[in-house]
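As the structure is a prediction and not an experimental result, all values here were calculated from the model. One-based numbering, in listed order, for ligands and for the atoms of each.
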Amino acid sequence: MKITFFSTQPYDRESFLKHHIDTQFELVFLEEKLTEHTVSLASGSQAICVFVNDNLNEAVIHQLSQLNVQLIALRCAGFNNVDIKAAHACNIRVVRVPAYSPHAVAEHTLAMIMTLNRKTHKAYNRVREQNFSLNGLLGFDLHKKTVGVIGTGHIGEVFCRIMHGLGCNILACDPVKKLEIEKMGIPYVPMNELFSRCDILSLHCPLNEETRYLIDSSVIAQMKTGVMLINTGRGGLIDTKAVIAGLKSGKIGYLGIDVYEQEADLFFQNLSEQIILDDTIARLMTFPNVLITAHQGFFTQEALDQIALTTFANIKRFVAGEIPANEVKI
Ligand code: NAI
């Protein structure tokens, strides 16, 4: 069986080849992103393997169906980039990797918080230039700060444990309440209450019609002045223009984003020799209190191994005619 991989980087190829044992799949690795213009590259494949910025809209799904593709294997957890309804209508199954390493993303979230707070990126550069001054590097204790966590699924729960260990007061918000969270003494509160009380707000819910622009200007107005906002979920969870206004007014004191609404045109590529045409990210990059990482929350060795292992297990189940355990349903 031929499997075509879209949007691959050298590390994807390495980890999938490392775990390609006991199977006779033909693996084709492409650097191209899946779009309406590149979908024909899937010709001859029964399965395709895609990542976060591949665009599987209705038109792409129909073209995949015409090419006789029967399985879409997402090598990520989020599936907001796939028209699941269209896939079902075309009888194409969709599988994903629901939890490859919640620790990777939760720990990256902490790294962003610590960098913004203690300004280690600035200290590193200063000291290398023999500037040993501390002016401008003042941080705050995380101990006893109130941290709001939206979404206490796999990643949100690990993040709660980490912040709990640091002595933070945590408030959670999720339509599904977890006993493990409540056992840590973390209360679930209405979203409005969380917005008005937290010093740090971290987003760990999926992007869907309900959560798109969860953080907009009306919500920002409810927040504490100087709040730290961290988004490692999906770019569309925040209205970036409203956040820029919040940064300019000082309402938002710090912003850390690992995901960005228009990241598909930017992330996972070296554009250092090019002119960035996206004025929104260009503006964001000018703020001294904004930290942007290019969707690297997942990027640990353990996560890459688990992504490859689970993806192959998903495909093997499909080939064996079993119902894939990690199937995405409407
Ligand atoms: P999960 O499915 O285990 O947890 C998501 C949680 O969000 C669930 O408990 C769900 O009930 C909750 N939720 C849904 N709608 C909500 C709402 N309106 N308000 C509050 N909570 C809501 O997912 P997991 O594995 O924890 O991942 C969370 C998100 O993180 C993914 O959807 C993905 O977008 C993102 N992600 C980012 C990565 C990165 O590299 N930056 C890597 C992996 C995931």
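At the shortest separation from atom 27 (O) of ligand 1 among protein heavy atoms lies Ile155 CD1, 3.3 Å. Closest protein heavy atom to atom 35 (C) of ligand 1: Gly233 O, 3.5 Å. Annotation: atom 9 (O) of ligand 1 to nearest protein heavy atom, Asp174 OD2, 2.6 Å. In terms of protein heavy atoms, atom 33 (C) of ligand 1 is closest to Arg234 NH1, 3.6 Å. Of the protein's non-hydrogen atoms, the one nearest atom 43 (C) of ligand 1 is Tyr100 OH, 3.0 Å. Of all protein heavy atoms, the one lying nearest to atom 37 (C) of ligand 1 is Thr232 O, 3.1 Å. Considering only non-hydrogen protein atoms, atom 40 (O) of ligand 1 sits nearest to Phe298 N, 3.0 Å. His204 O, 3.4 Å is the protein heavy atom nearest to atom 28 (C) of ligand 1.
Heavy atoms of Val176 approach ligand 1 to within less than 4.0 angstrom. For the ligand labelled ligand 1, residue Ala99 lies outside the 4.0 Å heavy-atom shell. Taking 4.0 Å as the cut-off, Pro98 counts as a neighbour of ligand 1 on heavy-atom distance. Distances shorter than 4.0 angstrom do not occur between any heavy atom of Phe299 and any atom of ligand 1. Remark: distances from the non-hydrogen atoms of Met191 to ligand 1 include one below 4.0 Å. In this structure, Pro175 is part of the shell of residues with a heavy atom less than 4.0 angstrom from ligand 1.
Residues Phe6 and Thr38 meet the side-chain proximity criterion, which asks for heavy atoms closer than 4.5 Å. With contacts defined as side-chain heavy-atom distances shorter than 4.5 Å, the pair Gln46/Phe25 does not qualify.
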- Task: For salt bridge (Lys or Arg N to Asp or Glu O under 4.0 Å), just list the numbers for Lys177 and Glu182, CA-CA rounded to whole Å, side-chain angles, deciding distance to a tenth of an Å, and then say yes or no.
- Result: CA-CA 8 Å; Lys177 294 186 174 55; Glu182 290 177 323; over 6 Å; no
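Proximity annotation for atom 39 (C) of ligand 1: of His295, Gln296, Lys177, Lys178, His295 comes nearest, heavy atoms only. Ranked by closest heavy atom to atom 7 (O) of ligand 1, the top entry among Gly153, Gly78, Pro206 is Pro206.
Within the 4.0 Å heavy-atom criterion, neither part of His108 lies near ligand 1.
Protein heavy atoms are absent from the 4.0 Å sphere centred on atom 31 (C) of ligand 1. For atom 2 (O) of ligand 1, no protein non-hydrogen atom is found at a distance below 4.0 Å.
When all heavy atoms of Gln296 and Asp258 are compared, the closest pair comes out as N-OD1, 2.8 Å.
Under the 3.5 Å distance criterion, the side-chain polar atoms of Asp12 are matched with a main-chain donor or acceptor of Gln9. Proximity of a side-chain donor or acceptor of Asn125 to a complementary backbone N or O of Arg128 within less than 3.5 Å is not detected.
Applying ring pair (Phe, Tyr, Trp, His ring centres under 6.0 Å) to Phe5 and the options Phe312, Phe51, Phe29 leaves one that passes, Phe29.
With a 6.0 Å radius and a threshold of 12 heavy atoms from other residues, nucleotides or ligands, Lys2 has its NZ atom above the threshold.
For His154, a nitrogen or oxygen atom sits less than 3.5 Å from a nitrogen or oxygen atom of ligand 1, counting backbone and side chain alike.
The same ILVMFWY cluster, assembled from side-chain heavy atoms under 4.5 Å apart, contains both Leu171 and Ile215.
Atoms of ligand 1 lying under 4.0 Å from any heavy atom of Thr211, numbered from 1 in the order shown and given with element: 17 (C), 18 (N).
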